[in-house]
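Let me begin by presenting the structure, written as structure tokens, before commenting on it.
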There are 2 protein chains.
Amino acid sequence: MPKYVYDFTEGNKDLKGLLGGKGANLAEMTNLGLPVPPGFTITTEACQNFLRDGVVPEGMREEVSAHLAALEARMGRRLGQADDPLLVSVRSGAAFSMPGMMETVLNIGLNDESVHGLAKQASGNERFAWDSYRRLIQMFGKTVQGIDGELFDEALEELKDGRHDLELEAADFRRLVATYKDIVRAQTGEDFPADPHRQMSMAVEAVFKSWNAPRAVLYRRQERIPADLGTAVSVCSMVFGNCGMDSGTGVAFTRDPGSGQQGVYGDYLQNAQGEDVVAGIRNTMPLQELESLDKAVYDELMRIMETLENHYRDLCDIEFTVERGKLWMLQTRVGKRTAGAAFRIAVQLADQGLISLDEAVTRVTGDQLAQLMFPRFADSGGEVIAKGMNASPGAAVGKAVFSTERAVELAARGEAVILVRRETNPDDLAGMIAAQGVLTSRGGKTSHAAVVARGMGKTCVCGAEELDVSVKERRFTTPSGVVVSEGDVISIDGTSGTVYLGEVPVVPSPVVEYFEGTGEADDELVGAVHRIMSHADEVRRMAVRANADNAEDSARARRFGAQGIGLCRTEHMFLGERRCLVEDLVLATSDEERERALAALEPLQRADFTGIFQAMEGLPVTIRLIDPPLHEFLPDFTELSVKVALAGDGAEKKDRELLAALKRLHEQNPMLGLRGVRLGLVIPGVFAMQVRAIAAAAKAVPGSRAEIMIPLVAAVQELEHVRDEARQILAEAGVEALIGTMIEVPRAALTAGQIAEAAQFFSFGTNDLTQMTWGFSRDDVEAAFFSKYLELGIFGVSPFETLDRDGVGRLVTIAAEQGRKARPDLKLGICGEHGGDPDSIHFCHQVGLDYVSCSPFRVPVARLEAARATLAGAGSDTR
Amino acid sequence: MPKYVYDFTEGNKDLKGLLGGKGANLAEMTNLGLPVPPGFTITTEACQNFLRDGVVPEGMREEVSAHLAALEARMGRRLGQADDPLLVSVRSGAAFSMPGMMETVLNIGLNDESVHGLAKQASGNERFAWDSYRRLIQMFGKTVQGIDGELFDEALEELKDGRHDLELEAADFRRLVATYKDIVRAQTGEDFPADPHRQMSMAVEAVFKSWNAPRAVLYRRQERIPADLGTAVSVCSMVFGNCGMDSGTGVAFTRDPGSGQQGVYGDYLQNAQGEDVVAGIRNTMPLQELESLDKAVYDELMRIMETLENHYRDLCDIEFTVERGKLWMLQTRVGKRTAGAAFRIAVQLADQGLISLDEAVTRVTGDQLAQLMFPRFADSGGEVIAKGMNASPGAAVGKAVFSTERAVELAARGEAVILVRRETNPDDLAGMIAAQGVLTSRGGKTSHAAVVARGMGKTCVCGAEELDVSVKERRFTTPSGVVVSEGDVISIDGTSGTVYLGEVPVVPSPVVEYFEGTGEADDELVGAVHRIMSHADEVRRMAVRANADNAEDSARARRFGAQGIGLCRTEHMFLGERRCLVEDLVLATSDEERERALAALEPLQRADFTGIFQAMEGLPVTIRLIDPPLHEFLPDFTELSVKVALAGDGAEKKDRELLAALKRLHEQNPMLGLRGVRLGLVIPGVFAMQVRAIAAAAKAVPGSRAEIMIPLVAAVQELEHVRDEARQILAEAGVEALIGTMIEVPRAALTAGQIAEAAQFFSFGTNDLTQMTWGFSRDDVEAAFFSKYLELGIFGVSPFETLDRDGVGRLVTIAAEQGRKARPDLKLGICGEHGGDPDSIHFCHQVGLDYVSCSPFRVPVARLEAARATLAGAGSDTR
């Protein structure tokens, strides 16, 4: 039988999975000799079994009794003993922090008898005893018995009748206990349970059940915490911050979580229990003031904080209680911090010698670095008119518009707009694309607006519930009476969720300026980033490349630390003015016309490649031959149909020809149509022209290292045909280049062993691979139903954001293994957007890829995460 | 070192892979004591090594010399010995028959000296000797030296100057030898090689090389013969059918390959070598007449044929030569036969006790059964005006039309048309769909017309090269002067490749009438089919179900032997008059409107299901919930855009609303969009309505066995949501039904272990699975480039016709294994079109599926192939 209960003296901080964060850290502090009220923790395993079977597991009850008996013996009091009661708290604590998501019940052991014993313990403080008793009934009723908390709150308000809570007296609380008991009886049909043991076991089960409360399920889904972990339950002997002005409760950080600076950061509330701080009933005092109230306690607290920081070797946050001049530690954990603080603290701790530079790298994340790279609003200026959820980071400024039509219309005139809606739906897609940012008054981080905006990398603040949005009247109103009408300029901060009236100046990130080499070097933050990134580059196994299609982006990528181009998309070179050349190619009716069109494109392509090779001199450049179907370069079919129909006999000849071509080329599902290698095989000369241009450019630029990549290969035979032709052209030009393929079609992954025989490298095109593996057309489904899917828990994050390990990841694993088996020196990389996503980068490291390639802006993130993956070793993830 | 050469006395018929069909059977006949000219065979392995390395493998030359020396010793003559030469033939012979695809050289060993020795051997027959010599130069020049055969043919014609070839004399052939030598010298710059050993080794290498001749490569691709097998080479001492009127050569079958009847079937040609029969220079005589020419030889031949049939236990075809009254066997093999003969012969042999009924089942194929099920033209009547390739079977009658536009136009008026083109291209797709059949004058079995027609199941005759098609003048002309203009009725037979003028009456297949229970039972063919099918049903492990969407098709499927419905597509029930109800559903702007639309659909669905359950009483019926995107039920977006634009302000309200809905629902790639389970999860009530209708119908029909199938599942979570809702509805109705899922998205196959936890059955939807695994939209790519892909050898057969084992098959295997591991009693089936394809059925058997489901018409084919797969055991394929 497993051990279901651990005394605080038995556990330690590494048993988080079993004891939860709270239980593990209480044990750790106990072992450190810090003043922790004695107690024990029931394991997450017990919770898992309870949730599976609906009853507590065999043997747990007996273990709890034994530990409780030991606790009673140690404290010299029995639970709920009438004349001298032991009281306990029952607290939830999962392996991952889920703040406020689950339940806690304090003061267990009180009833009509033991309340007098408690008063006696507190030197006859009846007020304190009855206050504690009413708190028990209130928390127990709400948490364990599922009674609407409003009923208790209303009864309290009625009783107070305008008085401050410190003005209430023992008799008031005594009356309140009676009222609360009536509420319990009315709501449940039974009396409030007087038996202390029954109180405790009911509370334990209620905490177990709270794991599956809707808000907890939703939180886990959003935070991608596995659903089957369960929560531990800590049972802790009570200490009281509410037994007089020489008592109190507080929270503190060992250093400033906003800046990372060392010092005293925290809040203290006299004569109160912990929930009063959370509820904000009274104003707290800054922690520093405790020094003047009780210097001994304050000094002890400072010593403990130093002990904790040195022990945990990180910023800690703590909860503590002072009971009649005696300090008790109720909780500690490694504290959350801002992105900037994370970098500063990591480097500070390394400088203090508390952690190594390796460890410093693991203390910061790619997401934090990305946050530091967004442009932000200048601190000064800007009237804050609302706060919403920080759904998609960035800073956006523009005129408020209230419909997609207006957004598209104004954007077409070159105006910056912010699309404001109650909530968005698939019809708003065009408006979201046109806008600088999106603001909604409803919906959370998985709402349609949030999901789609994140997918686009567009700034978004959602769920700003205080805004009253009237689409009909084209305006919104704030509670303070500010009215923003269509055309009024607003600014939204997707990193903080803040909404400003008017234009707030946007300043570039100093971190980006550092990467660009344009900023001031003596900023502390920049220094910390520099230290971390330099070490990350020494540590990581995988190389980092960038996806870039022109010389300018390539040069920037190089400044950002890219070690090559992993994906140069040649189709972007056919846009703009060159469209007409593609039209000529499509409209060609003879070999001569087609060759003329290709001949016109070749020097342009050559020049494109020359620029990129120059920017990346000495580094590899992977050039993907043309991928999209040709009709993508032509006008829209339906629009042109309408134009020609309306023009009747007066329609232009070229329009008629293009319409005929579009009819011929029209595809039901262009993503699965005539594109990529298929195009290269069916339309003679296109690929050959590109390879000639690459060869000529490579020859012209000393130090160029071209890699030719064939898209959309599904069968090795396709690749062989193109490879043979390309090899011949390269040989004629006297140029050496690797020839490889995208792995972006499921069949390519499944037959990778065959394909590797003909490919010198694989680059995983995980965008298309995700589309085909899931059967999702990203253009269609992201807006249409991803928010619904997130809401239903079908996935915790869009598979286009983070690589789906079970499905797409399995194909990548198969392909990497079989490819390497067939060709041991096969080079493996990834060039889908996942190449810039932290969790996906860790996966790529584990699968053994040689490099990741991502957008230039994500290159620093990838460098950092590649290092973290190396340090985490096999089997890691980013949580 | 491997053994590269086998004497005829060393091999046997089971060594086909090593000795080729010809070599293996020559060895078998030698061992049977039949009169085979002595010789030896060089293995396919030697050929493979030669083709890989470009030189004959080490040791082969010595082995050949040793065997030749043994042959010379046995015959008492040396190769090319001047006064008494041994002559040999060098013949190709691969494991699979590739008729006429590779090369043969006869009379090796002749030169200016040995020609006299040959004459002496032939009792001074100088004419024969010089004729043999010129044949050697002609064949050698053409085959080994690559000289255009026309040059030799022209020289012969010039010499004959109108004379019959039997009128030519020794001096003529002597002159011809001189002329032929001149040709060789002029074409190659060298003299014809006089050294007999050099002749032989050059001939052997030429045969090796002929394996990769373009026509051989094309043939293998079409017949799906692996490219790396190589050919064996048989070296056989020459016997001569051309040394007088007591000599000759012939071919024969041990029974009629057309009907299967026993008797004497063959042709004989006096004083000739084998190639004369093939070339059709003179008319052959029926084999029976040999009896009067040489009774002894005839009787021996009859005895040998009986021996062979009893030994091979099958119809054999043979080649033989009579040399001055002595019979020699040159070749035998199990003979090709028509589909009807295959069934009759199999049953006859079983009746004779030569083979078991199990073996009889393996002697026929599903393709042959399918051929017997096509309607055919009545034997009488019909003027044959051309022959082309039998590209896609069936019988079609209609007015000839020469453009897609006319085809569509006339078909829209309800007229039957045959689309006639020089060749088709993707633009002809609409015309092909509209036509009853397709006729082209160019292109082979992998041409665009052939590939697309087969994909559609449309009758097609292609490559009728004698037709002069003028699209401009809208007519075609035959060599005999028949002119068929637009509107003239023609009939085409896709099974035989015949083109008829006028309407030929079509008669139903007696085999179909037998399955339907409407035909006469005493037909011999029907009797044979009955015997075979009855036994097949006893033998096979897999069940066979049908894909049917209504009661009528279900009833037919049942008559055809279906043991259930494997796929009932509910979306077909929303077409026709019910479209307007779907329009209401799409246009619904409130929950009430949507529920009203669903409520209107529910009783219709219930009636649909009731009819199917009644037809399939006692058998399982798998009903797939609605799969396609809703916009498929609405008008075409572009057409409606044009209509509304042209109508301007006068456009109808409903049209405007529909257009707005279409804009909203428009998808870039509908196949990868909002359909299947996604639709069910996003649009409330649709799936629930269908499940309610199923439950009500199942309750109303005793003996009904409903299975509810969820389409397009990619993640187990999707399935769980729908399953939970469906279970509740079923429980409320008090109906039991299995709930399972399609496996048609790659991710579903990759995560099958998870999905099986929530599914009681899997049905592989290999159409969509093929589309997504290859990244092919069938609608787009089949017409656009499959013929090109077949031509390039990227695949040997469309992956939509035959399941792609390496890619799609791998996913099926993964899913079957992991699904069964998670849920041992998981029911596995296939409902893609591959369920009716023989090779794919064998694959399904090997993977361990429980059933295949196919169109009602293919059910008998599937029954037969499932039995053949069972009998073939693991690892079989259909070749």
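Chain letters run A, B, ... following the sequence lines, proteins first and then strands; every chain starts at 1.
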Which atom of B:Ala715 lies closest to which atom of A:Ile794, heavy atoms considered: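 It is CB-CG2, 4.2 Å.
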Minimum-distance pair of heavy atoms, taken over all atoms of A:Val642 and B:Ala645: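 What the structure gives for the nearest pair is CG1-CB, 3.6 Å.
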Which residues share a side chain to side chain contact (heavy atoms under 4.5 Å, CB included) with B:Ala784, sequence neighbours left out: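 Partners of B:Ala784 under the side chain to side chain contact (heavy atoms under 4.5 Å, CB included) test: none.
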Donor-acceptor pairs under 3.5 Å, chain B versus chain A:
| from | atom 1 | to | atom 2 | distance (Å) |
| --- | --- | --- | --- | --- |
| B:Thr638 | OG1 | A:Thr638 | OG1 | 2.7 |
| B:Gln668 | N | A:Asp780 | OD1 | 2.7 |
| B:Gln668 | N | A:Asp780 | OD2 | 3.2 |
| B:Asn669 | N | A:Asp780 | OD2 | 2.8 |
| B:Asn669 | OD1 | A:Met671 | N | 2.8 |
| B:Asn669 | ND2 | A:Ser777 | OG | 3.2 |
| B:Met671 | N | A:Asn669 | OD1 | 2.8 |
| B:Leu672 | O | A:Ser777 | N | 2.7 |
| B:Arg678 | NH1 | A:Gly775 | O | 2.7 |
| B:Arg678 | NH2 | A:Trp774 | O | 2.8 |
| B:Arg678 | NH2 | A:Gly775 | O | 2.8 |
| B:Glu718 | OE2 | A:Tyr789 | OH | 2.5 |
| B:His721 | NE2 | A:Leu792 | O | 2.9 |
| B:Arg747 | N | A:Thr773 | O | 2.8 |
| B:Arg747 | NE | A:Asp804 | OD1 | 3.4 |
| B:Arg747 | NE | A:Asp804 | OD2 | 2.7 |
| B:Arg747 | NH2 | A:Asp804 | OD1 | 2.9 |
| B:Leu750 | O | A:Arg810 | NH1 | 2.9 |
| B:Gln754 | NE2 | A:Asp806 | OD2 | 3.0 |
| B:Thr773 | O | A:Arg747 | N | 2.8 |
| B:Trp774 | O | A:Arg678 | NH2 | 2.8 |
| B:Gly775 | O | A:Arg678 | NH1 | 2.7 |
| B:Gly775 | O | A:Arg678 | NH2 | 2.8 |
| B:Ser777 | N | A:Leu672 | O | 2.7 |
| B:Ser777 | OG | A:Asn669 | ND2 | 3.2 |
| B:Asp780 | OD1 | A:Gln668 | N | 2.7 |
| B:Asp780 | OD2 | A:Gln668 | N | 3.2 |
| B:Asp780 | OD2 | A:Asn669 | N | 2.8 |
| B:Tyr789 | OH | A:Glu718 | OE2 | 2.5 |
| B:Leu792 | O | A:His721 | NE2 | 3.0 |
| B:Asp804 | OD1 | A:Arg747 | NE | 3.4 |
| B:Asp804 | OD1 | A:Arg747 | NH2 | 2.9 |
| B:Asp804 | OD2 | A:Arg747 | NE | 2.7 |
| B:Asp806 | OD2 | A:Gln754 | NE2 | 3.0 |
| B:Arg810 | NH1 | A:Leu750 | O | 2.9 |
| B:Arg810 | NH1 | A:Gln818 | OE1 | 3.3 |
| B:Gln818 | OE1 | A:Arg810 | NH1 | 3.2 |

Among A:Val716, A:Val745, A:Leu674, A:Val808, residue most engaged with chain B (heavy-atom pairs, under 4.5 Å):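 Most pairs with chain B among the choices: A:Val745.
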Approximate separation, where rounding is to 0.5 Å, of A:Ile683 CD1 and B:Phe785 CZ: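 Those atoms lie 11.5 Å apart.
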Verdict with reasoning, B:Leu672 to A:Val781, per side chain to side chain contact (heavy atoms under 4.5 Å, CB included): CA-CA 8 Å; B:Leu672 308 178; A:Val781 299; over 6 Å; no
Toward chain A, the part of B:Leu665 with a non-hydrogen atom under 4.5 Å: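 Neither part.
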Part of A:Leu429 lying under 4.5 Å from any heavy atom of chain B: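 No part of A:Leu429 comes within 4.5 Å of chain B.
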